Amino acid sequence: MGASIGGKTVVVVGAGIVGAATAYFLSRSGFAVRLLDANAPASAASGAADGAVSVASKRPGPMMTAALAGIALYRRLERDGPLGGLFHERPTIMVAEDEHEAETLRGHAEALAGAGKQLRHFEGTALPSYLPSVSAHVRLAVEVGEEGHAIGYEVVRRLIAASGVAVERTTPVLELVKSSSARSIAAVATPRGPIEADHFVIAAGGGSAELLGLSGTVRPRKGQLVVTERAPALNASLPGSLMSCRYLLSKDAILAAGGAAGRRFGLVIDPLRTGQFLIGGTREESGDTSNDLAAVRIMLASAVRLLPGIARLRALRAFAGVRSATSDGLPLVGRVPGYDNLIVATGFEGDGICLGPLMGRTVSRLIAGEDCELDLAPFAPGRFERRSLVA
Ligand SMILES: Cc1cc2nc3c(=O)[nH]c(=O)nc-3n(C[C@H](O)[C@H](O)[C@H](O)COP(=O)(O)OP(=O)(O)OC[C@H]3O[C@@H](n4cnc5c(N)ncnc54)[C@H](O)[C@@H]3O)c2cc1C
């Protein structure tokens, strides 16, 4: 059991998926919540994501453990919570396009099986009957079961509605105001004046970095995505989302480079329930949300190489979002060292749709002084030495 710190009022900064889930779980536990957003709900990363709720691309360790718990919670919230009809279960199909990728994928599949994931391997003559529309050069496909998809902005909308909390839009938090003891936060400063509370949660995605003095530790990482027109037959030929092994390798390369890795491509082709395809994406050291033709061309060319039928479809739109990334690839979740009543939950990079509800529940339990199930030690906000957490 964690120590409960008194008081029932909470200010949550940021109405993305993490802030919305925090507000939902806190209000169910009897807390009075004020949910503030600089702009509007899901106006940042949560509204510009693919919605993979997936363990498949996680390496063994704390993120794999968290993703397994994240999927279990989506299932529960879909079955008897506010996410009914929003969480769509389907496998992730990891594909290797050459022998090097096949070797990587075999090793990764072992790790996933060790974590209890249900897997099926397809190669040789078994491949075309399982994936008839996929290109013949594919060497190996591994179907990872018990995965799913959820559209981030819809999850945010449902959680906020179920929380009963009215979002205070266009209310940017400008700074945190310390109490006279300096061991706690007294209020957040906003253009509409200070807002006091007993507890404060910083779930402001990229905005968290500035509030906590973490610029440099939490960095923007842009991703570009493309959505095609509907193609129901081609869509139905895929039993789940296709994830090229390159996706895994590009994440590894970025970690190995300590984050500063320029632009990387990792291919995912997600058959949406609308009959369209969502094709992604890039990982770029940038905080802008523009698309460029060069990136879109590379993404579409690699999608066509893997799933040739895509060549017949029109791309309806391209968009980009900005993930919040840390240099060790793990989020920051927990109490801010030195403060009794300040919690941060940010830095979820490309995993926040999967982990958002779980992290909202975790933060709510921390505030209520309850056991949060998840080991938060790897996500400790103070682990980056010499970095400021609240200037
Ligand atoms: C291209 C792309 C693809 C992705 N695909 C997936 C995927 O398939 N699966 C997956 O699990 N994840 C995916 N993600 C990652 C996921 O979208 C994020 O990790 C997640 O949305 C982060 O949620 P959040 O609530 O922490 O932050 P955000 O959604 O960024 O929300 C933060 C909110 O805080 C507000 N804010 C900021 N500063 C302040 C301030 N000072 N005061 C008040 N409010 C403030 C913002 O306006 C915003 O609404 C993807 C992301 C991108 C960009």
Side-chain angles (χ1 to χ4, degrees), residues 11-23 34-58 63 66-67 70-71 74 92 147-153 155-156 159-160 167-176 188-191 195 200-212 218 220-226 241 243 247 266 268 270 278-284 286-287 289 291 299 318-326 331-333 344-360 363:
V11 162
V12 178
V13 184
I17 195 165
V18 177
T22 302
R34 290 185 72 172
L35 180 55
L36 317 180
D37 200 283
N39 194 347
S43 54
S46 302
D50 183 4
V53 177
S54 168
V55 175
S57 66
K58 316 290 183 289
M63 290 301 270
I71 293 178
Y74 261 99
T92 302
E147 306 253 301
H149 188 264
I151 294 181
Y153 58 83
V155 174
V156 169
L159 289 171
I160 291 173
V167 180
E168 295 173 56
R169 294 168 178 242
T170 57
T171 307
V173 167
L174 307 173
E175 61 174 331
L176 307 176
V188 289
T190 78
I195 301 176
F200 297 86
V201 178
I202 308 301
S208 313
E210 203 174 320
L211 288 174
L212 296 172
V218 179
R221 184 162 297 150
K222 169 169 145 176
Q224 301 192 46
L225 300 171
V226 175
S241 172
M243 180 184 285
Y247 183 89
V268 176
D270 214 331
L278 191 146
I279 299 168
T282 62
R283 280 188 151 72
E284 307 174 45
S286 161
T289 52
N291 286 106
M299 283 155 57
F319 65 99
V322 180
R323 314 169 182 95
S324 300
T326 61
L332 304 176
V333 185
V344 59
T346 195
F348 296 99
E349 219 265 6
D351 300 312
I353 303 302
C354 176
L355 300 182
L358 178 73
M359 292 304 161
V363 169

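Counting starts at 1 for both ligands and their atoms, in listed order. None of these values were measured; they are calculated from a predicted model.
Atoms of ligand 1 lying under 4.0 Å from at least one heavy atom of Gly207, given by number and element, are 37 (C), 38 (N). In the vicinity of Cys354, heavy-atom distances shorter than 4.0 Å reach the ligand 1 atoms 10 (C), 11 (O). Less than 4.0 angstrom separates some heavy atom of Pro172 from each of these atoms of ligand 1: 42 (N), 43 (C). Each of the atoms 20 (C), 21 (O), 23 (O), 25 (O), 28 (P), 29 (O) of ligand 1 lies under 4.0 Å from some heavy atom of Ser46. Atoms of ligand 1 lying under 4.0 Å from any heavy atom of Val322, numbered from 1 in the order shown and given with element: 53 (C). Close approach of ligand 1 to Ala38 (heavy-atom distance below 4.0 Å) involves ligand atoms 39 (C), 43 (C), 44 (N), 45 (C). Taking every non-hydrogen atom of Ala48 and a distance limit under 4.0 Å, the qualifying atoms of ligand 1 come out as 1 (C), 2 (C), 52 (C), 53 (C). Interface atoms of ligand 1 facing Gly14, defined by a heavy-atom separation under 4.0 Å, are 33 (C), 34 (O), 35 (C).
With respect to atom 48 (C) of ligand 1, the closest heavy atom belonging to the protein is Asp37 OD2, 3.4 Å. Scanning the protein heavy atoms around atom 7 (C) of ligand 1, the nearest turns out to be Asp50 O, 3.2 Å. If you check which protein heavy atom lies closest to atom 40 (C) of ligand 1, you get Val173 N, 3.7 Å.
Within the 4.0 Å heavy-atom criterion, the part of Glu349 lying near ligand 1 is the backbone and not the side chain. When heavy-atom distances to ligand 1 are checked against a 4.0 Å cut-off, Ala40 comes that close only through its backbone atoms N, CA, C and O.
Heavy-atom contacts from other residues, nucleotides or ligands closer than 6.0 Å to CD of Glu168 number more than 12.
Defined by atom type and a distance below 3.5 Å, a donor-acceptor pair is present between the side-chain atoms of Glu284 and Thr282.
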